[in-house]
Amino acid sequence: MGNKGGSEAWAFIKQVVAGRWFSVFAGLIMMIGNGTTYVFPTYSKVIKTQFDYSQTQINTLGFAKDLGSNIGIIAGLLAEVTPTWVLFIIGAFQNFTGFFLIWLSITARIAKPKFWQMFILVCLGTNSSNWANTAIMVTSVRNFPDRRGIILGLLKGYVGIGGAIISQLYLAIYGHNDPSNLVLLFAWLPSLLILILFPSIRPIRIRKHPDELKVFYQLLYVSILLAIFILFLTIAQKQVVFSQAGYVGGASFVVCLLCVPILIACREELLLYKLNKQTAAPSVALSMLHQNPPTLPTSADSEIPEISPSCCPNIWNKPERGEDFTILQAVFSKDMALICLATFSGCGSSLAAIDNLGQVGESLGYSQRAIGILVSWVSIFNFFGRVFSGFISETLMTKYKLPRPLTFAFAFLITCVGQLFIAYPFPGSLYLAAIIIGFGFGAQNPMLFAVISEMFGLKRYSTLFNCGQLAAPFGSYILNVDVVGKLYDMEALRERKQIAGKGLTCTGAHCFGGSFTVLAAATLFGAVVMFVLAYRTREFYKRDVYKNFNEEIWIPQTEMEFYRLDNKKNIED
């Protein structure tokens, strides 16, 4: 009896770990490691002080960060022909190498790198996120093809809040005295999470059930609770000086909330486990659990390569929206051109605003502690923007048939308001700007990936979404370096204020006023481009966008209700 119970428990544990919901949990946790991108305003000040860089140089490193975190085409192409574990191993190695070398340089454990070498190190460290990002997002969209807006919102939401979570872990592990240790944490923590959890990320075929959307909403509620707790924790840290024990207690509660999705995964897998045991008909047995989905082919499955003598004419012979485009067909389409133009101006200006938030705080007289809070708030509200845009845009699209690019355009407009609060500041405006820009930029991110998947299909999705996001760092470079950085340095030269260890320094609202007005105009232009795309695709979104993914095997509602009631009865007995 004991052996039977032990074997059943072991079988259930294996089912949980191999299940689709544990795969979601593993993806969410690994995505936290990708949130290091949004903590650049914190550790860039350490780099600026240590190496006496100018603002233009720091903004150039900001471009290196944006370039690295958005160049994922190589990862996308490799995902077409290799298993996902290859991408995870490359990403873990690259993450540790890049950030560990940065930490060695700013702590003077190695010789001071030249500026171009620091550029490469920042680019190398941040580029590592693309490998895990590509593997997790592509696999998750294929596992939940008719919930892609929701799953992308959740995954990208954890990237957004990842910076705030890692900041709390940094305070608990190292304290707040040496900011260089934050870079050391970037080096080992994301790499460790990847090496532990990457086997769970793979295509999984499972019978779906009508309560699937409710499970996603439960994951959303847990995530919102996590974000609210971190928000109030950062507010408390602003008002009160925490002891090391206080930091450890706060971080411990954050870790506990991060583990709640495991309980949700166990509950769902228990229902499926009981259903599998009690279903008699082999035609509906759950023996199909966790098999690779045959309905979503990748290029690795194709025996015949697509490149042929007729390849070039086929570029212009495009399928209908929603069907599977080839890479060249999508890249040379008008829709992709509009997406890239909006990403270049709107997302690029949003990145530039976030990268300069720490320097804006310094110019307006905010303390280092307040600037740390601002960076955490950007991360927290980045999360809110990502998860809410995924759920809200999905509802507006499926229920009211509104084009998803329309929601994308409104996300740009929200960001524009936050940038104007910095351009024309008033007391406390930077806190409002951090909230608005964080939320607006967060809302942009999952919608970009969802729109690309809806218009161009999932067959080449791993490459196409990386092509779409590539425009953002180039927009960020022009606006960050050629606009924000140079205008700041011009204002600093007028003041003739050169402080040892801080480079050129400017104080006052005029330091960033003109440059952030330009950023707001660029974001507004991105919104206009997205309104054009929404008008072009209005008929497409009036149809059932997910029609190709609705013919799935569903567990009947009556069966699910029976097993839920049976579960409840057993608990009461």
Inset, instruction - Give the C-alpha distance, both sets of side-chain angles, the deciding distance and a yes or no for ring pair (Phe, Tyr, Trp, His ring centres under 6.0 Å) between F412 and F525. - result: CA-CA 9 Å; F412 283 137; F525 177 74; over 10 Å; no
Inset, instruction - Test side-chain contact (heavy atoms from CB on, under 4.5 Å) on S105 and F51 and set out the steps. - result: CA-CA 10 Å; S105 66; F51 301 124; 4.1 Å; yes
Inset, instruction - Start with the C-alpha distance between N181 and L185, add both sets of side-chain angles, then the distance that settles side-chain contact (heavy atoms from CB on, under 4.5 Å), and finish with yes or no. - result: CA-CA 6 Å; N181 285 328; L185 186 65; over 6 Å; no
Legend entry - Derivation of the ring pair (Phe, Tyr, Trp, His ring centres under 6.0 Å) call for F344 and F474: CA-CA 7 Å; F344 177 87; F474 291 102; 8.0 Å; no
Inset, instruction - Test side-chain contact (heavy atoms from CB on, under 4.5 Å) on V159 and F383 and set out the steps. - result: CA-CA 7 Å; V159 175; F383 161 80; over 6 Å; no
Inset, instruction - In sequence, state the C-alpha distance, the side-chain angles, and the governing distance for R404 and E394, and then conclude on salt bridge (Lys or Arg N to Asp or Glu O under 4.0 Å). - result: CA-CA 8 Å; R404 203 186 294 268; E394 192 81 7; 2.8 Å; yes
Inset, instruction - Begin with the C-alpha distance, continue with both residues' side-chain angles, and end with the deciding distance and a verdict on side-chain contact (heavy atoms from CB on, under 4.5 Å) for R536 and K334. - result: CA-CA 10 Å; R536 280 175 53 86; K334 293 179 182 178; 3.6 Å; yes
Inset, instruction - Decide yes or no on side-chain hydrogen bond (donor to acceptor under 3.5 Å, both in side chains) for S129 and N34, but give the supporting numbers first. - result: CA-CA 5 Å; S129 64; N34 293 346; 4.7 Å; no
Inset, instruction - List the steps and the verdict of ring pair (Phe, Tyr, Trp, His ring centres under 6.0 Å) for F100 and W103. - result: CA-CA 5 Å; F100 189 65; W103 177 74; 5.7 Å; yes
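At least one side-chain heavy atom of S54 sits under 4.5 Å from a side-chain heavy atom of D489. Counting heavy atoms from C-beta on, the side chains of F456 and D324 never come closer than 4.5 Å. Contact annotation: the side chain of L258 approaches that of I165 to within less than 4.5 Å [non-hydrogen atoms, C-beta and beyond]. At least one side-chain heavy atom of V141 sits under 4.5 Å from a side-chain heavy atom of Y461. Counting heavy atoms from C-beta on, the side chains of F465 and N133 come closer than 4.5 Å. Counting heavy atoms from C-beta on, the side chains of L364 and P425 come closer than 4.5 Å. The shortest distance between side-chain heavy atoms of F88 and I201 falls below 4.5 Å. In this structure the side chain of I161 never reaches within 4.5 angstrom of the side chain of N382, judged on heavy atoms.
Between the S128 side chain and the G125 main chain, a donor and an acceptor come within less than 3.5 Å of each other. Panel note: side chain D66, backbone P473; no donor-acceptor pair is recorded below 3.5 Å. A distance-only check finds no donor-acceptor pair linking the side chain of T139 to the backbone of I136 [under 3.5 Å]. Put simply, the side chain of Q329 gets close to the backbone of T326: a donor and an acceptor are under 3.5 Å apart. Between the side chain of T97 and the backbone N or O of Q94 there is no donor-acceptor pair closer than 3.5 Å. Checking side-chain atoms of Q359 against main-chain N and O of N356 turns up no donor-acceptor pair under 3.5 Å. With hydrogens and angles ignored, the 3.5 Å screen pairs a side-chain donor or acceptor of R386 with a backbone N or O of K156. When atom types are taken as modelled, the side chain of T126 and the backbone of K65 share a donor-acceptor pair closer than 3.5 angstrom. No side-chain donor-acceptor contact under 3.5 Å links T537 to the backbone of F540.
For the pair R538 and Y535, the cation sits on the ring face: its NZ or CZ lies under 6.0 Å from the ring centre, inside 45° of the axis.
Ring planes of F186 and Y43: perpendicular class, angle over 60° (limits at 30 and 60°). Using a 30° and 60° split on the angle between ring planes, F115 and Y53 fall in the perpendicular class, above 60°. Ring geometry for F421 against F426 counts as perpendicular: the plane angle is over 60°, on a 0 to 90° scale with 30° as the lower cut. Ring pair F381/F384 is tilted by interplanar angle, where 30° to 60° counts as tilted. Relative ring orientation between Y217 and F391 is described as tilted, the plane-to-plane angle lying within the 30° to 60° band.
In summary, E454 and R321 do not engage in a salt bridge, as defined by a charged side-chain N under 4.0 Å from a carboxylate O.
In this structure, Y366 has its ring center under 6.0 Å from that of Y431.
Across every non-hydrogen atom of A79 and L87, the tightest pair is CB-CD2, 3.8 Å. Closest approach of A520 to Q419, counting heavy atoms only: CA-OE1, 3.2 Å. The shortest non-hydrogen separation linking Q237 to L171 is OE1-CD1, 4.0 Å. Listed here is the closest heavy atom pair of F516 and A353: CE2-CB, 3.7 Å. Taking both residues in full, the closest heavy atoms of S191 and N95 are given as OG-ND2, 3.0 Å, listed atom of the first, atom of the second, then distance. In this structure, H510 and C506 approach most closely via the heavy-atom pair NE2-SG, 3.6 Å.
Defined by atom type and a distance below 3.5 Å, a donor-acceptor pair is present between the side-chain atoms of Q469 and N130. For the residue pair S223 / Y158, a side-chain donor-acceptor distance below 3.5 Å is found, with atom types taken as modelled. In the model, N59 has no side-chain atom that pairs as donor or acceptor with a side-chain atom of D355 under 3.5 Å. Donor-acceptor pairing under 3.5 Å is recorded for the side chains of T523 and S349. Side-chain N/O atoms of Y424 and T517 include a donor and acceptor closer than 3.5 Å. Under 3.5 Å, the side chains of E80 and T463 contain a donor-acceptor pair of N or O atoms.
The line from CZ of F63 to CG of D482 is 10.0 Å long, rounded to the nearest 0.5 Å. To the nearest 0.5 Å, atom SG of residue C340 and atom CG of residue L470 are 8.0 Å apart. In this structure, M447 CE and S393 OG are separated by 6.0 Å, a value rounded to the nearest 0.5 Å. The distance from atom CZ of F449 to atom CD1 of I151, rounded to the nearest 0.5 Å, is 14.0 Å. Annotation: the span from N445 atom CG to S350 atom OG amounts to 10.0 Å, rounded to 0.5 Å. The distance from the CG atom of L155 to the OG atom of S140 is 4.5 Å, given to the nearest 0.5 Å.
The side chain to side chain contact (heavy atoms under 4.5 Å, CB included) with L77 is formed by just one residue from the set N466, I327, T134; it is I327.
The number of heavy-atom neighbours closer than 6.0 Å to CD1 of I74, taken from other residues, nucleotides and ligands shown, is 12 or below.
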